[in-house]
Visitor: 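After the structure tokens below, expect a handful of questions from me.
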Amino acid sequence: MMFFKLAYFDIKNSFNLEWKKLLVVPIGFLTVCFPFYLRYAKIGAGGFGDFWLYMFGGIKEYTYDDAFKFPVIWTVVLLYLFYITLYYPYNDLLGYGQNVLIRSGSRFNWWLSKCLWNAFAVVTFFTLGAALVALFCVFTGGPLSTEISPLMYTEVFEMAADIVYPSYTVGTLIGMPLLTAVAISQLQMLLSLWLRPIFSFGVTAAILILSAYYLKPFMVGNYAMPIRSVEVIPNGVSPQNGVIILSAIIIACIVIGGIAFKYYDIINKEN
Amino acid sequence: MKALLKTELHKALKNKYFFITLIIASVIAVLGAINRINEYQSVLELVNADKAAHGGVSWRNPYLPADTLFTYWIGGECFSLYFSLYFLLIPLFAAFPYGWSYFMERKNGYVKNVITRTSKKSYFLSKYTAVFIAGGLAVALPLLLNFLTVSCFVPARTPSVLYSAYTYVVFSQMWSALFYTHPFVYVGLYLLLNFAFGGLIACLCLAISFVIKNRVAVLVVPLFLMLCLNFANTYSRSWELSPINFLHPGVVVNPANGWIVLLEGACLFAVSFGVTMWRGQRDDVF
């Protein structure tokens, strides 16, 4: 019962403190969607799947034949999400959260509540994003489906034109980026226990760039790029393996964080 | 003013965050150097194998004017992970050493002690200078380290314009003539440019401290600003808009234009210096 009270408090408290950060989300999503619509509607792209893929598609595999360009939109969207989830647990631990921690009587419950809050924040971000994209589609007359216009691959992602690209499932298009974001966000929160938040944010940025550079199953950012899925390219990452790896990361973060937090020196943290 | 500046510089350049940032950035720069030195060694092996197979004479073009120090240091190559990571993280490297200082000094009350002993103008001028120098050094020193490391292993041949397809410095790139005639001057100018933008980005944190009341946000906002410019760049087909790309001496996406670089630098200076001096002198710290 105490755990649910804690989780409810965290969700409510974080919303009261951090709601301003969510205001940027509609502006950001629309800033990405509108130029995309102006530029690519003429090639038949303009459905929900096209917009979503434009933002979360990532970048095709880097093959060293040209300068490496990191996926800007994918990086900005995910980094902003990780920025939203970066500061609240740390700030709470140095402030009012200490009283809550003492009253709750369990450090593990406190940590678990923060993990739940973290996942909830990511899901909220994705839900808000999906709702905004859907709304944009309604206004522009685009179809609300995960169908991808064939020219998206060749025109936007500069992929080979001689391949028939399959349609995505909702799981690959939305589910995998969501799960990956939850896992990386949990990892970032765990790292913030030992590093300062700004350093763990730097590590998160590095994970994203490493993932964009290397197409490897253990570079977890690849699971957040639907165009690198095995459903699209033969050497892509498997969503099934991704679910296993990402779930393992989430569970490991909860357990390791819970144990570490049990022996964590909160008083010295303030200095 | 002189004593205050000395104190500020001492605080800026002898704090643990400056050293931590230098170490992290230097690790990336040195790893980048090792990566490219290994690459050069494998190129040399190919050239030597070709020579050995043909009685000491190269049959194939060894592309020597394209394989030089100026195309192998972190600012000359566009292929490794390290160049991408380094230039993406420049806004964080610049901000972290001392960009947060005014925010913390206002929060813990240090500012009150200073401005009762000196003028606000002197304090903010000194602060701006110290933040600028710390941010600039944190960005430029690891680049210099990378250049010096690579120069120990890769010869500094003057690049030939005939090999521009391999050097990633095209005709329309800012200062490209210098690259093919006086490459050391070109590298030196880019190091200065990185120093200047590193400093300006750090000073942007100082200006943001007047508006935002969250330390992490103060440090992260410049990164997002640079990424937004990078996003705007995806719609520019001719000139480079993003400092993340134009601070790299080679052409990553679009060639750099001197006027755009100057304009962005001037805007960064106007905003950071203007806000710092105006709000700094106007706002009450008590």
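Here is the naming used below: chain letters follow the sequence lines, and residue numbers restart at 1 for every chain.
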Visitor: Which one, B:V253, B:N233, B:V220, B:I24, leads in non-hydrogen pairs under 4.5 Å with chain A?
Guide: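 When all of B:V253, B:N233, B:V220, B:I24 are compared, B:V220 has the most.
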Visitor: Under 4.5 Å heavy-atom distance to chain A, tell me which part of B:I20 shows up: side chain, backbone, both or neither.
Guide: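 Answer is side chain: those atoms of B:I20 sit under 4.5 Å from chain A.
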Visitor: Would you confirm whether the ring centroid of A:F68 sits within less than 6.0 angstrom of the ring centroid of B:F79?
Guide: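 No, the ring of B:F79 stays outside the 6.0 Å limit from the ring of A:F68, centre to centre.
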Visitor: Chain B heavy atoms under 4.5 Å from A:F199: which part of the residue, side chain, backbone, both or neither?
Guide: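 The side chain, not the backbone.
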Visitor: Using heavy-atom distances under 4.5 Å, tell me whether B:F231 contacts chain A through its side chain, its backbone, both, or neither.
Guide: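 Both backbone and side chain.
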Visitor: Can you tell me which portion of B:N245 sits under 4.5 Å from chain A's heavy atoms? Options are side chain, backbone, both or neither.
Guide: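 No part of B:N245 comes within 4.5 Å of chain A.
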Visitor: Which bit of B:A217 comes within less than 4.5 Å of chain A, counting heavy atoms only: side chain, backbone, both or neither?
Guide: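 Both backbone and side chain.
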Visitor: With side-chain contact (heavy atoms from CB on, under 4.5 Å) as the test, would you mind laying out the steps for A:F70 and B:I244 before giving the verdict?
Guide: CA-CA 11 Å; A:F70 67 91; B:I244 291 173; 4.1 Å; yes
Visitor: Which atoms form the tightest heavy-atom contact between B:N214 and A:K21, and what is the distance?
Guide: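 Scanning both residues completely, I find the closest heavy atoms to be ND2-NZ, 4.2 Å.
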Visitor: In the structure I gave you, are the side-chain heavy atoms of B:L223 and A:L79 within less than 4.5 Å of one another anywhere?
Guide: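 With C-beta onward as the side chain, the pair touches.
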Visitor: Please state whether the rings of A:F201 and B:F224 are parallel, tilted or perpendicular, taking 30° and 60° as the class boundaries.
Guide: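 The arrangement is tilted - the two ring planes meet at 30° to 60°.
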Visitor: Step by step, work out the side-chain contact (heavy atoms from CB on, under 4.5 Å) result for B:R215 and A:N91.
Guide: CA-CA 11 Å; B:R215 186 181 176 185; A:N91 194 30; over 6 Å; no
Visitor: Please rank B:V216, B:N230, B:L227, B:L81 by heavy-atom pairs under 4.5 Å with chain A and give me the top one.
Guide: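 Among B:V216, B:N230, B:L227, B:L81, the one with the most close pairs to chain A is B:L81.
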Visitor: Please list, in residue-number order, every residue in residues 85-93 of chain B that has a heavy atom less than 4.5 Å from any heavy atom of chain A; write 'none' if there are none.
Guide: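 The residues closer than 4.5 Å to chain A, in numerical order, are B:L85, B:L88, B:L89, B:L92.
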Visitor: Might you confirm whether atom CZ of A:F34 has over 12 heavy atoms from other residues, nucleotides or ligands at distances under 6.0 Å?
Guide: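 No, not enclosed.
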